[in-house]
Every structure is written in structure tokens, then in C-alpha cells.
Protein chains: 2
Amino acid sequence: MSSKTKVYEEVLNQIRNFINENELSPGDRLPSERELSEQLNAGRSSVREGLRAMELLGLIETRRGEGTFLSSYRPHHTVELLSAFILQEPKIKKDILLAKRILEKEATKMAFSRVKNGGIEELSSVLSNGKINEKQRHSEFFIIIFQHAENHLLQKIWQLMEDFSYTIEKNSYNSQFYSQLIETINAGKYETIEGLFDYLYN
Amino acid sequence: MSSKTKVYEEVLNQIRNFINENELSPGDRLPSERELSEQLNAGRSSVREGLRAMELLGLIETRRGEGTFLSSYRPHHTVELLSAFILQEPKIKKDILLAKRILEKEATKMAFSRVKNGGIEELSSVLSNGKINEKQRHSEFFIIIFQHAENHLLQKIWQLMEDFSYTIEKNSYNSQFYSQLIETINAGKYETIEGLFDYLYN
DNA sequence: GTAGTTAAGTGGTCAGACCAATTTATTTTT
DNA sequence: AAAAATAAATTGGTCTGACCACTTAACTAC
């Protein structure tokens, strides 16, 4: 039959289809491993290989005695593992950091016209929060930005890269950057955003 | 002992340690599944659960009859996999198209200073190629752009979205767009790129 | 009705058995 | 001696069956 594709990969596809067709959302239960094994004509061990991979990615959550559940995606599990392997590749690091910056810049521009008054205060409060460190401040700052940008896809991709760079790099950003960015948004100077990212960021 | 951590997670840690201690680099071979099983005091199926997760992440590569090999990490593996799940959310089509445009714009700006003389001709020849349709022309055009931009990660993400939008949407672009973009690059007008994408694209 | 017990279901793990592909060692042929 | 053909060993791929640990639900005893 389908000679090349491994069973566990096919299992992943089938599970995805199952999720799709039954319109499962985070929190819903998947069929048990034994059920899947039977329905997909695969050994339980192969099913588990697929499930374990999904679990490592944070796509599902398993509870012994209860079952396997869809979970909303959290990259953190993946990230710590990956970062340990990824460290030796300088080119990738630069790629990620650059891609991240681009996403942050464009998200800011998208958020620009949609930031309500409350948004500015939200951003400001992050900057003045003394309890969190530099990295956390950066994350929280742009999480707010992305929320206003209203593009879930970009946010997901950014989140992935953010988590990577979080453990990899000692990101020291120019401290003026954030406040100036807020000011720029508040003052309605759209054209200034581009320059801010090019010259002040990092 | 009574650890809650699952065996396959411990396997992942051990393998990582093994890689570090022996200073393995991409291409090197890992011990066989049976060896690992014995050395780590774990069942072979548990070892495989760990290995399969790593494989799915693109950290290793397995060849039947030969063994398991370290591979250089390719983030697009992860992005590809996740996208299959992420892309099922509503409103996602518009998000994809916008994200794609952003990537294309930034790639163009990155490529700007790196385009050699040959590059311009390459791009032009794509436009004058009568054998391909509009969609293909768009793809090939930006593949060249991304090659000059020299950021593999961004290119992979873009490719992914391009593939999706290819089947989903009937992207009709402004025909002037491409030729004007080439002219802008050729004339060295960096600042014009941004505007081109905002006003002429689509 | 409540508390305690039991049974069924589920994930977690292991051991053993084949299969399929590849490499290595051995034998045969030239 | 060199090359080719063959056999054996190794390795990943997969399935089955067996336990264990834990949770839930049904049942029983009070």
C-alpha cells in the first residue's frame, strides 16, 4: 500500500481529520488509544508514537485513566527541548531574530489604527511594571500589540519565535524603544514606526 | 524514583545529554534503538516514542537498515506541522493573505541590496514567460526574491502560506505591480517599496 | 441517602516476535 | 588476486499481548 509514509504519520493525519470532521475544540476528548488503533488499522504502539509527538508539541494532553484531550496550543513544552538542540546553529538564530522583528514591526503597524485609549494605558503599565524582567516586558508588550493587530496567525508564528529566542538569546533592547513606540502610536505618527524598528530596536 | 515524568521524556533528556557529551553534530549517528533501550533501561517502544517525537520536530532522521542520524534543525518542519492545526480557525484566510503580503514585502526589502545584475534579469524573464499562469508567475517571482533575501526561515513560512492561498483563494494581482517592483529595485529606490505593496498589490 | 467496594476503561510501559531495508562478512566465480 | 554473488548480522518499522497505575462509574452494604 502506501509504502513510504510511516504509520505514525498517517495516524497524525487521521487524527487531524477526525478533529476537523467532528469539529473538536480544546478540551474535547479524543478516542482512546485502543479505539484509534482499531479504527485506523494500526498497532497501538504506532498510534502512541503519533500521540506522543503531538503531546510533545503541546497539541494534546493526556491524563492517565481519563483519556487524551485536545489542548490549546502551548509551544513551551516544545521550545525548551528544541532550544537545547538548536543552540549550535548561528544562522538559524539570526533568521529567527530577524523574522521576529519583522513580525513585531508589522503587527505594530496593523495595531496602529485599532488601538483604543485603553490600549495605550495597557502598554504603558507593562513598561512601568517593576516586577518583571526585560524579557518578560518585551513579551507582554508585544502580546498586547498583537492582540490589537487582530491577526491570529501572525501572532502564533511570532509566539513560536518569541519562545525560541526567549531561551536562546540575551535580548537586550534599547529601553527607549518601547516608550517611543507608545508615543508614536499615541501621536498618530504612522510613518515613524518603520524607522523606529530599523534604528532603535536592539 | 516515583517520578511523574514519562519515560519517553526522560529518553529525550538522555539522548540530548548523549549528544552533548559526545559532541555529536548533524550527520552523526545515534545508537540503535535496541542499544538505547538497554542503556537507558527502557522498553524499545518507549525509546521509539521519544525518537519519533524528535523526528517529527526535524531533529533526527531515520533510515531503515542504517540507523538514526542527527539532522540540522529546520524550523519549518515545526511550522508546517503546527499550521495544519492552527489554520483551522475561522477568519484565517484573510490572515494568511495579509501575512503573506507582509512577508513578501519584507523579503523584497531584504533582497533589495543583495540583488545582483543577474537577479533583475531573472525576475524580468519570469514576467515575460508566457507559458505560466498568473499564480505561477507570482510564486516564481517571489521565490527568486526570497532567494536573494537569504532568510530560509521566512521563505519556508511564506511558501507554506503561498501553498495554502494557492488552493483557497483566487489571487488576482495588479499586473503593473511586478514590473514596477523590478523597476524600483533596479533604480535603487528603497523607500518606494513600502508604498508599492500598500497601494498596488492586490 | 451515604460510604465503601468493585469493575471497567484508559494511559504507561515492557517484552517478544516478525518484516523490510541496508550493511557487513563470507563464499563463490572469474 | 579481484570481482561478483550470496549469506549473515544489524537496524528501523510494526504488531500483539501482557501487566501496571490511575480514574470513573456502577454497584453494594449500611
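Within every chain, numbering begins at 1; the chains are lettered A, B, ... in the order of the sequence lines, protein sequences first and strands thereafter.
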For the backbone of [Y] and the side chain of [X], can you confirm whether one donor and one acceptor N or O come within less than 3.5 Å of each other?
X	Y	result
B:Arg137	B:Ile132	yes
B:Ser71	B:Gly58	yes
B:His138	B:Glu134	no
B:Asn133	B:Lys135	yes

| task | At the 4.0 Å heavy-atom cut-off to chain B, mark where contacts on DNA chain C begin and end, going 5' to 3'. | result | C:dG12 to C:dT23
| How far apart are the C-alpha atoms of A:Gln136 and A:Asn129, what are their side-chain angles, what is the distance that settles it, and do they pass the side-chain contact (heavy atoms from CB on, under 4.5 Å) test? | CA-CA 10 Å; A:Gln136 293 172 317; A:Asn129 185 348; over 6 Å; no
Can you check the [X] [atom1] to [N] [atom2] distance for me, whole Å?
X	N	atom1	atom2	value
A:Glu66	D:dC22	CD	P	13 Å
B:Ile60	D:dT11	CD1	P	15 Å
A:Lys6	D:dG12	NZ	C1'	8 Å

| 5′-ward residue of the pair A:Gly65/B:Thr62 relative to DNA chain D | B:Thr62
| said: One pair to check against side-chain hydrogen bond (donor to acceptor under 3.5 Å, both in side chains): B:Gln155 and B:Gln159. What are the steps and the verdict? | reply: CA-CA 6 Å; B:Gln155 180 169 0; B:Gln159 186 68 55; 5.2 Å; no
| Can you list the residues that meet the ring pair (Phe, Tyr, Trp, His ring centres under 6.0 Å) rule with A:Phe18, with sequence neighbours excluded? | none
| query | When you measure from the side chain of A:Glu49, which nucleotide among D:dT24, D:dG13, D:dT14 comes out closest? | reply | D:dT14
| task | Check whether any side-chain heavy atom of B:Ile145 sits under 4.5 Å from a side-chain heavy atom of B:Glu104, and report yes or no. | result | no
| task | Using a cut-off of strictly less than 4.0 Å between a heavy atom of the residue and any atom of DNA chain D, enumerate the qualifying residues of residues 27-38 of chain B by number. | result | B:Arg29, B:Ser32, B:Glu33, B:Arg34, B:Glu35
| task | Check step by step if side-chain hydrogen bond (donor to acceptor under 3.5 Å, both in side chains) holds for A:Glu162 and A:Ser139. | result | CA-CA 7 Å; A:Glu162 175 71 6; A:Ser139 272; 2.6 Å; yes
| query | With sequence neighbours left out, what residues match B:Ser46 under side-chain contact (heavy atoms from CB on, under 4.5 Å)? | reply | B:Val7
| Working for side-chain contact (heavy atoms from CB on, under 4.5 Å), residues A:Phe69 and A:Leu24 | CA-CA 10 Å; A:Phe69 301 84; A:Leu24 300 189; over 6 Å; no
| task | Tell me which residues in residues 40-48 of chain A put a heavy atom below 4.0 Å from DNA chain C, sorted by number, or none. | result | A:Arg44, A:Arg48
| task | Could you give me the CA-CA distance, side-chain angles and deciding distance for B:Glu106 and B:Leu154, then say whether side-chain contact (heavy atoms from CB on, under 4.5 Å) is met? | result | CA-CA 9 Å; B:Glu106 294 297 326; B:Leu154 283 180; 5.6 Å; no
| request: Using five pairs at either end of the helix from C:dG1-D:dC30 to C:dT30-D:dA1, determine the angle between the two local helix axes and round it to 10 degrees. | output: 20°
| Parallel, tilted or perpendicular: ring planes of B:Phe142 versus B:Phe197, cut at 30 and 60 degrees | tilted
